[in-house]
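Heavy atoms only: backbone and side chains are in, while hydrogens, waters and symmetry mates are out. Order of the sequence lines sets the chain letters (A, B, ...), proteins ahead of strands, with each chain counted from 1.
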There are 2 protein chains.
Amino acid sequence: MRILIVEDSEDVAAAITAALGRAGMACDRAAGAREAQDYLAAETYDVVVLDIHLPDGDGRTILSDLRRAGSRTPVLMLTAELEVSSRVNALDAGADDYLVKPFDLRELEARVRVLGRRGDSAGSARISVGDLEFDQAARTVRIAGAAVALTRREVSLLGLLVARRDRIIAKEQILERLFSMDEDVGLNTVELYVARLRKKLAASSVSIVTHRGLGYQLTAPDG
Amino acid sequence: MRILIVEDSEDVAAAITAALGRAGMACDRAAGAREAQDYLAAETYDVVVLDIHLPDGDGRTILSDLRRAGSRTPVLMLTAELEVSSRVNALDAGADDYLVKPFDLRELEARVRVLGRRGDSAGSARISVGDLEFDQAARTVRIAGAAVALTRREVSLLGLLVARRDRIIAKEQILERLFSMDEDVGLNTVELYVARLRKKLAASSVSIVTHRGLGYQLTAPDG
DNA sequence: TCGGCGATGACAGGTTCGTGACAGGTTTGG
DNA sequence: CCAAACCTGTCACGAACCTGTCATCGCCGA
């Protein structure tokens, strides 16, 4: 899951990045309105976390520009004000959700996850494919009921594959969803994690199929 | 378990904090309505103890705001009035329980504990995992029938783990549930208590598994 | 058969955890 | 009221583990 955080405060941005990163989301951070516009033009994000107050502009402007451009990317607004008016403003401008500062990081994480799921058609937090059960919230994986130990990155990768089962995902897409911008990582890394995941899922009925030049695909027999 | 106490009287608040603290609950205190709103926006609580009479507003207002915002956090109201009307008011506004002042602190503790359990899916006050029995009310732990001496913090930690057995709990989550706002404690402390708990539970069949970068998980063989 | 993409073992670096020792604070018991 | 015992949280250091790069080899498709 790829997240853009638009927030001028260094500390707040770092805290959000850390929390979401721990939840397996790849976060890019823009410190201002202009930077945010650039990122949004260059990349596709699953969710945008947008501070309403920015040094070089208003978050609502970014939001309405984004919507005018036809983007439906879910946006969660951060507002410092408690007034009803500002939250009505935010929702009117096209935000999907809002949080009032100061907020609980876990709540932010939960809401971001909810928004991120909106994009996928997969609704539930617990998904089964073949004899494999994937619990997104608990970040646990079971094969025929038996727990499998995965690392953070492996869980993230499996989450991607499970969310788009039977569909082919390009390696570049996986890279983008797994790593943030400032993690300069080679494409080979994706192959590596696919290999590691395959090894750990060897006992399962699902398998990760390679499509040369296209990407990877998670499949289950009869599925 | 994380508790918010909204009470203007210094003495009463201190007494409640002490009593609940002794029972292993991490308590924050808000002296007024405004402060309460801020806390509620910033943190997630397992239970809110809410005085109906506040210097800068009515507790029922806070409550109905909270419910309108979609929160299901259990709320226990404190009321000085004996009339039926006020208790109906409280429950109508969305309170889960109420107590009439003056009240017995032990009764308050018991009711708060009951409300706290509502949030976890774990219904009973006595839970067993493997050969381990955990009694939340008495705060006692037994391994195959033999009592184990745990400190307050150790019991709280174990309670968290037991309530979410088999699920992975992030270290940050544990920290938030174990300590209140004004206890500024490092993440390392969680690791420490996990270590201490492991030592004391060495004789048990359950074990606390570390998932690097993800959190801890309580497991029992065959289950 | 050839070119190139993907798979995989080995490894170094960095991060996260585990744990003993210690100091401050609190409770307990006399 | 004092002292002893105990609970608490910090620090520091070492160990374990995760991560990503490299290099090599296999395998697919043309």
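Taking every side-chain heavy atom of B:Asn188 into account, C:dG18 is the closest of C:dG18, D:dG20, C:dA7. Considering only the side chain of B:Arg153, D:dT8 comes nearest among C:dC17, D:dC18, D:dT8. With distances taken from any side-chain atom of B:Tyr193 to the nucleotides D:dT19, C:dT19, D:dT8, the minimum falls on D:dT8.
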Detail all sub-3.5 Å separations between protein N/O atoms and N/O atoms belonging to nucleotides 14-16 of chain C.
unit_1: C:dT16; atom_1: O2; unit_2: B:Arg212; atom_2: NH1; d: 2.6
unit_1: C:dT16; atom_1: O2; unit_2: B:Arg212; atom_2: NH2; d: 3.3

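With salt bridges taken as basic N to acidic carboxylate O contacts below 4.0 Å, one links A:Arg126 and A:Asp135. Using a 4.0 Å cut-off between a side-chain N of Lys or Arg and a carboxylate O of Asp or Glu, B:Glu154 and B:Arg196 do not qualify as a salt bridge. Salt bridge B:Arg177/B:Asp46: present, at least one basic N to carboxylate O contact under 4.0 Å. With salt bridges taken as basic N to acidic carboxylate O contacts below 4.0 Å, one links A:Glu183 and A:Arg153. Between B:Asp51 and B:Lys101, at least one side-chain N (NZ, or NE/NH1/NH2) sits under 4.0 Å from a carboxylate O, which counts as a salt bridge. A salt bridge does not link A:Arg29 with A:Asp182: every distance from a Lys NZ or Arg NE/NH1/NH2 to an Asp or Glu carboxylate oxygen is 4.0 Å or more.
For residues 195-210 of chain B, proximity to DNA chain C is found at B:Ala195, B:Arg198, B:Lys199, B:Thr210, defined as any non-hydrogen atom under 4.0 angstrom from a strand atom.
Axis angle across the helix from C:dT1-D:dA30 to C:dG30-D:dC1, with five pairs used at each end and values rounded to 10°: 40°.
Computed from coordinates, the A:Leu175 CG to D:dT21 C1' distance equals 14 Å when rounded to whole Å.
When each of A:Glu183 and B:Asp184 is assigned the nucleotide of DNA chain D bearing its nearest heavy atom, the one mapping closer to the 5' terminus is B:Asp184.
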